[in-house]
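Okay, so here's the structure we're looking at.
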Amino acid sequence: MLDSLQIKKGVSACLESFLSKKDHPKQGRRMFCYQHFNALVWQGVLTPAAPGHRFWDASSHGKKDLSAQAGDEQPVMSILNASTLSHPAAFLLVGIPGLEATQFWIAFPFCIMYAIAVVGNIIVFFIIKTEPCLHEPMYLFLAMLAINDVVLSTSTLPKMLGVLWLDSREIGFHACLTQMFFVHAFSSVESGILMAMALDRYIAICYPLRHSSILSIPMTKTIGSLVLTRGILLISPFCILASRLPFCGHRLISHSYCEHMAVVKLVCGNVRANIIYGLFVAFMVVGFDVLVISVSYAMILRTVMRLPSTEARLKAVSTCASHTCVILAFYVPALFTFLTHRFGHHIPHHLHIMVANLYLLVPPMLNPIVYGIRTRQIQGRVIRLLHLRGI
């Protein structure tokens, strides 16, 4: 790190460059000053005068007036004032970096997927809630998944469409942290519900006579509450840690929404605690849930292979096929996004952002389609509703 004298010399040079208008283009001069002002402010060497447009050197050598000319002092003062804040008042979302020219059209399929997800999941939830014969563990978990998918997709898509269609890129600092909480908390809840559904299938196939006693309705509701509590408790520290980090005036997020690692990359301080805690949460949520799901399906497969009838084996496999499809649609893009942040530095950034967007859209869209088609009770209820409305 530069010492105070070196930084002060750099600031003096950048001010002369900025005011002379000879050495660099205007944008280059601003960036040069910006970097040196950040270093000065965070080392406590430089502080701005209160109302005026002047810079003061607060070192032991006394106060030296570094005032700028009237025409150019305001941009420089704005940069310095932005750097003194612990966090910006608002961030700017880029959208899809590298695809700015086409992201307006990319938003249309996103909007269609979002509409299918919201309408489909609301229909599934309504059918399960109003049909007493569907008040069983498997369908109750499906109702939880439907509500979670609506919340998860709605936490990002409206703002994302505003960015892609209307160029409404600004998002307040606390609104960004709130969006970050909803995205990661309800992603954790979704993972927990998928794990619970795998356990339900395991008990139903391996212990069919004891299924209702092991996984009763009260137990199902308790599991849902625990999964929600886990998501809230594990993700809340993300927002608390992020709110205490210094951003040094950086406010341009290279993403379509406030994803944790995309926000942390703007920080100019030590983010080791955020990275370590992020790995811990990934292990506790994804690692644990994937392990339970894998063991459950391994036990299911072993039991199915022992069935004497080929028809019975096919029926059991068919029961789990839809769940397996949803699991892959959720975990594959999630793991891709997680690993790309840490190891995929050569992967095109726009590809990473596209997968991160689809991660929040495809599973919520697929769930009502897959379960609606594969579940006879839900399918029959939808058909009856359409007949009643004359469709």
Side-chain angles (χ1 to χ4, degrees), residues 124 128 133-146 148-149 187-228 230-231 234 280-336 338-339 359 362-364 366-379:
V124 168
I128 294 173
C133 68
L134 298 180
H135 292 179
E136 299 176 3
M138 183 180 75
Y139 300 109
L140 292 179
F141 285 134
L142 183 55
M144 297 176 196
L145 189 65
N148 186 81
D149 284 340
S187 294
S188 168
V189 172
E190 177 126 352
S191 179
I193 295 173
L194 293 176
M195 177 192 66
M197 294 175 75
L199 286 173
D200 172 69
R201 290 299 86 207
Y202 164 69
I203 297 172
I205 292 174
C206 299
Y207 303 97
L209 299 180
R210 299 173 56 192
H211 179 262
S212 58
S213 60
I214 295 174
L215 205 59
S216 60
I217 300 301
M219 177 60 69
T220 302
K221 294 178 180 179
T222 301
I223 292 174
S225 300
L226 289 176
V227 166
L228 178 61
R230 183 189 70 166
L234 286 179
F280 168 76
V281 171
F283 175 79
M284 288 294 295
V285 175
V286 178
F288 178 77
D289 293 352
V290 169
L291 177 63
V292 172
I293 291 171
S294 301
V295 172
S296 298
Y297 276 96
M299 299 298 291
I300 289 172
L301 186 62
R302 189 183 71 170
T303 302
V304 167
M305 290 300 103
R306 291 177 178 177
L307 294 174
S309 170
T310 303
E311 183 180 352
R313 288 199 296 267
L314 290 175
K315 184 178 179 180
V317 171
S318 176
T319 303
C320 301
S322 57
H323 189 198
T324 305
C325 182
V326 171
I327 287 172
L328 292 176
F330 177 76
Y331 283 111
V332 170
L335 289 174
F336 175 85
F338 176 78
L339 295 174
Y359 158 65
V362 173
L366 281 182
N367 290 344
I369 295 175
V370 170
Y371 288 113
I373 294 174
R374 300 289 299 178
T375 308
R376 287 196 302 265
Q377 292 88 334
I378 294 178
Q379 189 179 23

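Heavy-atom basis, side chains included; hydrogens, waters and symmetry copies ignored.
One finds the CE atom of Met299 at 16.0 Å from the CZ atom of Arg201 (value rounded to the nearest 0.5 Å). Put simply, CG on Leu301 and CZ on Arg306 are 11.0 Å apart, with the number rounded to the nearest 0.5 Å. To the nearest 0.5 angstrom, Leu145 atom CG is 5.5 Å from Ile193 atom CD1. A distance of 9.0 Å separates CG in Leu142 from CG in Leu134, rounded to the nearest 0.5 Å. Here the OG atom belonging to Ser191 is positioned 6.0 Å from the CD1 atom belonging to Ile293, to the nearest 0.5 angstrom. Annotation: the span from Leu228 atom CG to Ile223 atom CD1 amounts to 14.0 Å, rounded to 0.5 Å.
Checking Val189, Leu194, Asp289 one by one against Val227, the side-chain contact (heavy atoms from CB on, under 4.5 Å) holds for a single residue, Val189.
Closest approach of Ala198 to Ser296, counting heavy atoms only: O-CB, 3.9 Å. Phe330 and Ser187 get closest at one heavy-atom pair: CZ-O, 3.4 Å. A pairwise comparison of heavy atoms in Met138 and Asp200 identifies CB-OD2, 3.4 Å as the closest pair.
Residues meeting the ring pair (Phe, Tyr, Trp, His ring centres under 6.0 Å) test with Tyr331, sequence neighbours left out: none.
Residues Tyr297 and Tyr202 keep their aromatic ring centres 6.0 Å or farther apart.
At distances below 3.5 Å, at least one donor-acceptor pair connects side-chain atoms of Asn367 with backbone N or O atoms of Pro363. At least one donor-acceptor pair closer than 3.5 Å links the side chain of His135 to the backbone N or O of Ile128. A donor-acceptor pair under 3.5 Å is formed between the side chain of Thr220 and the backbone N or O of Ser216.
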Quiz item: Taking it one step at a time, do Arg210 and Leu215 satisfy side-chain contact (heavy atoms from CB on, under 4.5 Å)?
Solution: CA-CA 8 Å; Arg210 299 173 56 192; Leu215 205 59; over 6 Å; no
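Taking the side chain as every heavy atom from C-beta outward, Arg230 and Ser188 approach each other to under 4.5 Å. Considering only heavy atoms from C-beta on, Pro137 comes within 4.5 Å of His211 through its side chain.
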